[in-house]
Student: 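This is the structure I have questions about; it appears just below.
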Amino acid sequence: MKPTQKAVLYIVAGCLILFGGFACHSTDSYVGTYQATDMTDDAQKENHIELMENGQGSWICCENEVLFTWYIRGNELRINTKEGGIMVGKLKKDSFTITMPGNKKLRFVKIRSLE
């Protein structure tokens, strides 16, 4: 192999490795349990969302549980419920905000585990 071919091969391999590192976006940092409090009405309602490693999740509010799948696209958390609903949350460092029907916004903050 000629030296110029070898150099081109190294440059292409380096670019592929570099691009691959940026293209793969790990969702591990988002896995965990999040809590939000809905202060509308007279009663305080707690909402919990659990994002699991396998792209599965659950949303618990008012003793009801909704199962869903989730993924990250850009700076958005995309939630697809098994009933066909789609919700989009705007991501921040350890939280996300979801706008519900009626323009009600819920901000979910990651709960730190004691482990």
Side-chain angles (χ1 to χ4, degrees):
M1 188 179 281
K2 294 181 182 179
T4 55
Q5 289 176 328
K6 209 178 220 186
V8 169
L9 183 62
Y10 285 131
I11 291 171
V12 169
C15 288
L16 287 174
I17 291 170
L18 183 64
F19 179 72
F22 287 121
C24 296
H25 182 61
S26 174
T27 58
D28 291 346
S29 62
Y30 300 108
V31 170
T33 303
Y34 295 79
Q35 179 178 356
T37 303
D38 180 3
M39 299 297 287
T40 58
D41 302 327
D42 294 331
Q44 204 173 337
K45 300 174 199 160
E46 285 190 8
N47 289 280
H48 288 84
I49 286 183
E50 182 176 0
L51 302 178
M52 295 175 251
E53 291 177 355
N54 58 4
Q56 301 294 314
S58 67
W59 186 334
I60 300 171
C61 176
C62 309
E63 300 181 21
N64 294 318
E65 181 176 20
V66 176
L67 301 176
F68 60 84
T69 58
W70 66 278
Y71 63 97
I72 304 297
R73 180 184 289 167
N75 68 340
E76 296 178 336
L77 168 67
R78 316 270 296 171
I79 294 176
N80 298 320
T81 66
K82 300 208 183 267
E83 291 79 24
I86 299 172
M87 291 177 275
V88 178
K90 298 292 182 187
L91 290 170
K92 294 205 175 173
K93 186 176 179 180
D94 285 333
S95 68
F96 57 90
T97 303
I98 295 178
T99 303
M100 304 297 289
N103 284 331
K104 179 170 69 170
K105 290 186 180 184
L106 292 175
R107 182 171 178 258
F108 287 86
V109 179
K110 193 171 193 176
I111 299 171
R112 301 279 180 217
S113 65
L114 300 174
E115 298 173 6

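Scope of the values below: all heavy atoms of this structure, side chains included, with no hydrogens, waters or symmetry mates. Here the structure is a predicted model, which is why all the values come from computation and not from measurement.
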Student: Show the nearest heavy-atom pair for residues Ser58 and Glu65, with the distance to one decimal.
Tutor: CB-OE2, 3.3 Å
Student: Before you tell me yes or no, could you show the steps for Ile111 and His48 under side-chain contact (heavy atoms from CB on, under 4.5 Å), namely the whole-Å CA-CA distance, both residues' side-chain angles and the distance that decides it to 0.1 Å?
Tutor: CA-CA 10 Å; Ile111 299 171; His48 288 84; 4.1 Å; yes
Student: Dump the intermediate steps for side-chain contact (heavy atoms from CB on, under 4.5 Å) on Ile72 and Arg78, then the final yes or no.
Tutor: CA-CA 6 Å; Ile72 304 297; Arg78 316 270 296 171; over 6 Å; no
Student: Report the C-alpha separation of Asp94 and Arg112 in whole Å, then their side-chain angles, then the decisive distance to 0.1 Å, and conclude whether the side-chain contact (heavy atoms from CB on, under 4.5 Å) test is met.
Tutor: CA-CA 10 Å; Asp94 285 333; Arg112 301 279 180 217; 2.4 Å; yes
Student: To the nearest 0.5 angstrom, please state how far the CZ atom of Arg73 sits from the CG atom of Leu91.
Tutor: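 Reported value, rounded in 0.5 Å steps: 13.0 Å.
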Student: Out of curiosity, Lys90 NZ to Phe96 CZ, how far, rounded to the nearest 0.5 Å?
Tutor: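 Going from the NZ atom of Lys90 to the CZ atom of Phe96 covers 13.5 Å.
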Student: side-chain contact (heavy atoms from CB on, under 4.5 Å) between Trp70 and Tyr30: does it pass, once the steps are laid out?
Tutor: CA-CA 10 Å; Trp70 66 278; Tyr30 300 108; 4.1 Å; yes
Student: If you take all heavy atoms of Met100 and Leu106, which pair is closest and at what distance?
Tutor: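 Met100 and Leu106 have their closest heavy atoms at CG-CD1, 4.1 Å.
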Student: Testing Asn80, Val66, Ile79, Thr99 one by one against Met87 for a side chain to side chain contact (heavy atoms under 4.5 Å, CB included), which residue passes?
Tutor: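 Among the candidates, only Ile79 passes.
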Student: How long is the span from the OG1 atom in Thr97 to the CG atom in Leu77, to the nearest 0.5 Å?
Tutor: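 Interatomic distance, Thr97 OG1 to Leu77 CG, rounded to 0.5 Å: 10.5 Å.
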Student: With side chains defined as the heavy atoms from C-beta onward, is the minimum distance between Ile49 and Phe68 less than 4.5 Å?
Tutor: yes
Student: Would you check if Met52 and Val31 make a side-chain contact, meaning some heavy-atom pair closer than 4.5 Å?
Tutor: no
Student: Return yes if some donor-acceptor pair links the side-chain N/O of Lys104 with the main-chain N/O of Ile98 below 3.5 Å, else return no.
Tutor: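 A pair under 3.5 Å: no.
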Student: Any idea which heavy atoms bring Ser95 and Arg107 closest together, and the distance?
Tutor: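 For Ser95 versus Arg107, the nearest heavy atoms are OG-NH2, 3.5 Å.
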Student: Does a sphere of radius 6.0 Å around CD in Glu53 hold more than 12 heavy atoms from other residues, nucleotides or ligands, not counting ones at 6.0 Å or beyond?
Tutor: no
Student: Taking all non-hydrogen atoms of both residues, which atom of Thr33 and which atom of Glu50 are closest, and how far apart?
Tutor: OG1-CG, 4.0 Å
